[in-house]
S.K.: 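Can you keep this structure in mind? I'll have questions shortly.
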There are 2 protein chains.
Amino acid sequence: MNNVVERTYYDVELEPVINTTKIKIIEVSIELFSKKGFSGASIRDITKEVGIKESSLYKHFKNKDQILETIFVNFRMEADKILPPMEHIDHIVETMDLKMFLGRGIENFLRHIDNEINFKLWRILYIELFRQPIAQEIYRKDIMRKTIDCLETIFEKMMEKGKMKPQNPRIMAEEYQLSSISLILEYNMLKEEGMSTESIEEKIKNHVDFFSAIACP
Amino acid sequence: MNNVVERTYYDVELEPVINTTKIKIIEVSIELFSKKGFSGASIRDITKEVGIKESSLYKHFKNKDQILETIFVNFRMEADKILPPMEHIDHIVETMDLKMFLGRGIENFLRHIDNEINFKLWRILYIELFRQPIAQEIYRKDIMRKTIDCLETIFEKMMEKGKMKPQNPRIMAEEYQLSSISLILEYNMLKEEGMSTESIEEKIKNHVDFFSAIACP
DNA sequence: GTCTATATTAGGATAGAC
DNA sequence: GTCTATCCTAATATAGAC
């Protein structure tokens, strides 16, 4: 749930579209893995949806595991765009107060997760969290640690500027992010069922207000 | 991550042990589902481990789904024991300050999750969160909502007694619980890999300290 | 890089003897 | 309530023609 100033959000593909079938396989796999989980979706399901025979898939991927691997590499890159780039941090601290910064981070994240593919990638991450070690690594390092590091840096600078009360910036960052990640989980659960995400957006607002109130001088 | 005063923690079985095989099936299923997920563990895996033939299993359960159902019913009952019973609440508010209360809640929860079976049940819950609607219901209602309701009641009473600063008790309860549940997830992830849970226990302590500091007068 | 055909193993589930 | 035997479908994956 964090923070960028101005940036485009995604370039749908990473490389120029060379191999259409391979991309289609990935897209369909993301769809199916996010619905049924990795072990619940079969090569048959995937190839049927793609419109090729099972044997053809093996020209693009060595095996089923390699599809998931590719998907996670993708997610890693998308997740990297959630946070503001290091070189923007000084500008953020200069021009925003805490509440504005947190608010922007949330807008930013909601835009990220409103993208259908990103949403599915998050679901896959959650589903595989306890079975694919790579999923846990992404959660812990690319999501939690990176975000907390970034928040810590910004909080520290804001404290220097008198925009936040002087407190342990690491602990503040952890507290903020721990609540945020729970809200993301709830958001994903609600959205899955096609339910309104209003109640979560309310909670997110509460969270920012609450945190700003205790953190600002 | 909450709060009981004094109580026994579990009675390993719910009914007197009548059908040993059925119980063995459940135990093995909990083990395997928590490792491979529901769709990743087969009837074959289960019966092999139990030491019966596949066909025998169907004398105890109509089908595979029914095993998972039974497991979730179990979890629901265990989860119910994490919170203090309603009739203890006044006593809690009378005799404890906020920090003590939160500390007890955490001790209580750690004791709950240190039980091998409970730990596996939590893993199954997380793994199936996005595929078994019942898992989501348990998470949202039995874990989150009930805990937040309970905290709200206690916080409200503590505020009346001047043990907490007067603030919106619902929002306070939500903030506390949102962070807690993230810590539980991290705890589960670390414990799975056999890693030390020290770093999380440190974070939990921070969380309680942080919250107490902002909530107390 | 797609297809047909096939191998092989694993999946859930049932029938019927004991 | 356990077993043997069996069913049928689905799973991952490979060989080889086009």
Side-chain angles (χ1 to χ4, degrees), chain A residues 13-73 124 127-128 130-135, chain B residues 13-73 124 127-128 130-135:
Chain A
E13 286 311 324
L14 319 160
E15 293 176 27
V17 184
I18 289 167
N19 186 337
T20 315
T21 304
K22 186 162 185 175
I23 289 170
K24 190 84 196 288
I25 291 170
I26 293 175
E27 285 173 348
V28 169
S29 298
I30 289 174
E31 167 71 19
L32 293 179
F33 292 165
S34 78
K35 276 205 177 114
K36 312 185 184 185
F38 178 70
S39 67
S42 67
I43 299 285
R44 240 164 245 194
D45 293 332
I46 295 166
T47 51
K48 195 179 168 189
E49 187 67 26
V50 171
I52 55 171
K53 295 295 168 186
E54 291 148 56
S55 55
S56 303
L57 184 140
Y58 292 93
K59 297 287 175 183
H60 301 282
F61 295 93
K62 208 186 81 200
N63 54 32
K64 199 183 167 190
D65 286 299
Q66 214 187 56
I67 303 175
L68 188 62
E69 243 173 69
T70 309
I71 290 173
F72 278 133
V73 169
I124 295 173
I127 292 175
E128 302 304 331
F130 281 86
R131 273 174 301 166
Q132 308 287 342
I134 178 78
Chain B
E13 286 312 325
L14 319 160
E15 294 175 26
V17 184
I18 290 169
N19 185 336
T20 314
T21 305
K22 187 163 186 174
I23 289 170
K24 190 83 197 287
I25 291 170
I26 294 175
E27 286 173 349
V28 169
S29 299
I30 289 174
E31 168 70 18
L32 294 179
F33 291 166
S34 77
K35 276 208 178 112
K36 311 185 186 187
F38 177 70
S39 66
S42 69
I43 299 286
R44 244 161 242 197
D45 293 332
I46 295 166
T47 54
K48 193 178 170 190
E49 186 68 24
V50 171
I52 54 171
K53 294 295 167 185
E54 292 150 57
S55 55
S56 303
L57 183 139
Y58 293 92
K59 298 286 176 186
H60 301 281
F61 295 93
K62 210 187 79 202
N63 53 34
K64 198 183 167 189
D65 286 299
Q66 216 186 56
I67 303 175
L68 188 61
E69 247 172 66
T70 308
I71 290 173
F72 277 134
V73 169
I124 295 173
I127 291 174
E128 302 304 328
F130 282 86
R131 272 174 301 166
Q132 308 287 343
I134 179 79

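Lettering of chains follows the sequences in order, A, B, ..., and the numbering in each one begins at 1.
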S.K.: Just by distance, do the side chain of A/K36 and the backbone of A/S42 share a donor-acceptor pair under 3.5 Å?
M.R.: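 Side chain of A/K36 to backbone of A/S42, a donor-acceptor pair under 3.5 Å: no, none is there.
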
S.K.: From C/dC3, C/dG11, D/dA13, pick the nucleotide closest to the side chain of B/D45?
M.R.: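 Looking only at heavy atoms from C-beta outward on B/D45, the closest nucleotide is C/dG11.
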
S.K.: With a non-hydrogen cut-off below 4.0 angstrom, is B/S42 in contact with a base, only sugar-phosphate, or nothing?
M.R.: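 The answer is sugar-phosphate, as B/S42 gets under 4.0 Å only of primed atoms, P, OP1 or OP2.
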
S.K.: Using whole Å, what does the distance between atom C1' of nucleotide D/dA11 and atom CD1 of A/I46 come to?
M.R.: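 A/I46 atom CD1 is separated from D/dA11 atom C1' by 12 Å.
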
S.K.: Measuring from the side chain of A/H60 (C-beta onward, heavy atoms only), which nucleotide among D/dT2, C/dT2, D/dT12 has the closest atom?
M.R.: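 Minimum distance to the A/H60 side chain belongs to C/dT2.
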
S.K.: Considering only side-chain heavy atoms of B/R44, which listed nucleotide, C/dT2, D/dC3, C/dA10, is closest?
M.R.: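 Taking heavy atoms from C-beta onward, the closest nucleotide is C/dA10.
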
S.K.: B/L57 CG to D/dT4 P: how many Å, rounded?
M.R.: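 These atoms are roughly 15 Å apart.
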
S.K.: Could you tell me the separation between the CD1 atom of B/I25 and the P atom of C/dA13, rounded to a whole number of Å?
M.R.: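 Between P of C/dA13 and CD1 of B/I25: 13 Å.
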
S.K.: Is the backbone N or O of B/E27 less than 3.5 Å from a side-chain atom of B/E31, with the two atoms forming a donor-acceptor pair by type?
M.R.: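 Answer holds: no.
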
S.K.: Name the closest nucleotide to the A/Y58 side chain, picking from D/dT2, D/dT14, C/dC3.
M.R.: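 Closest nucleotide among those given: D/dT14.
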
S.K.: Could you state the CZ-C1' distance from A/F61 to C/dG1, rounded to the nearest angstrom?
M.R.: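 Nearest whole value for this atom pair: 14 Å.
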
S.K.: Quickly work out the A/K53 NZ to D/dA11 C1' distance and round it to whole Å.
M.R.: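 In whole Å, D/dA11 C1' lies 16 Å from A/K53 NZ.
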
S.K.: Report which part of the nucleic acid B/K59 touches: base, sugar-phosphate, or nothing (heavy-atom distance under 4.0 Å, all strands).
M.R.: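 Since a base atom lies under 4.0 Å of B/K59, the category is base.
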
S.K.: What nucleotide among C/dG12, D/dT2, D/dT4 has an atom nearest to a side-chain atom of B/I43?
M.R.: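 Shortest atom-to-atom distance from the side chain points to C/dG12.
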
S.K.: Can you check side-chain contact (heavy atoms from CB on, under 4.5 Å) on A/E69 and A/F61, steps first, answer last?
M.R.: CA-CA 10 Å; A/E69 243 173 69; A/F61 295 93; over 6 Å; no

S.K.: Does B/T21 put a side-chain nitrogen or oxygen below 4.0 Å from OP1 or OP2 of D/dG1?
M.R.: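 Checking D/dG1 against B/T21, no side-chain N or O comes under 4.0 Å of OP1 or OP2.
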
S.K.: Would you name the heavy atoms of B/I127 and B/F33 that are closest together and state the gap between them?
M.R.: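 Taking every non-hydrogen atom into account, CD1-O, 3.8 Å.
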
S.K.: Distance check needed: C/dA13 P versus B/D65 CG, whole Å only.
M.R.: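 The answer, rounded to whole Å, is 7 Å.
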
S.K.: For the pair made of NZ in A/K48 and P in D/dT12, what is the distance, rounded to whole Å?
M.R.: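 Between P of D/dT12 and NZ of A/K48: 14 Å.
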
S.K.: Just the rounded figure in Å: distance from P of C/dG12 to CG of B/L32.
M.R.: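 Value for this atom pair: 11 Å.
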
S.K.: Got a second to check how far A/I46's CD1 is from A/L57's CG, nearest 0.5 Å?
M.R.: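 A/I46 atom CD1 to A/L57 atom CG measures 6.5 Å (nearest 0.5 Å).
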
S.K.: Given D/dA13, C/dA5, D/dA5, identify the nucleotide with an atom nearest to the side chain of A/S55.
M.R.: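 Nearest listed nucleotide: C/dA5.
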
S.K.: Would you say A/S56 reaches C/dG1's phosphate, i.e. side-chain N/O to OP1/OP2 under 4.0 Å?
M.R.: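 For C/dG1, neither OP1 nor OP2 has a side-chain N or O of A/S56 closer than 4.0 Å.
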
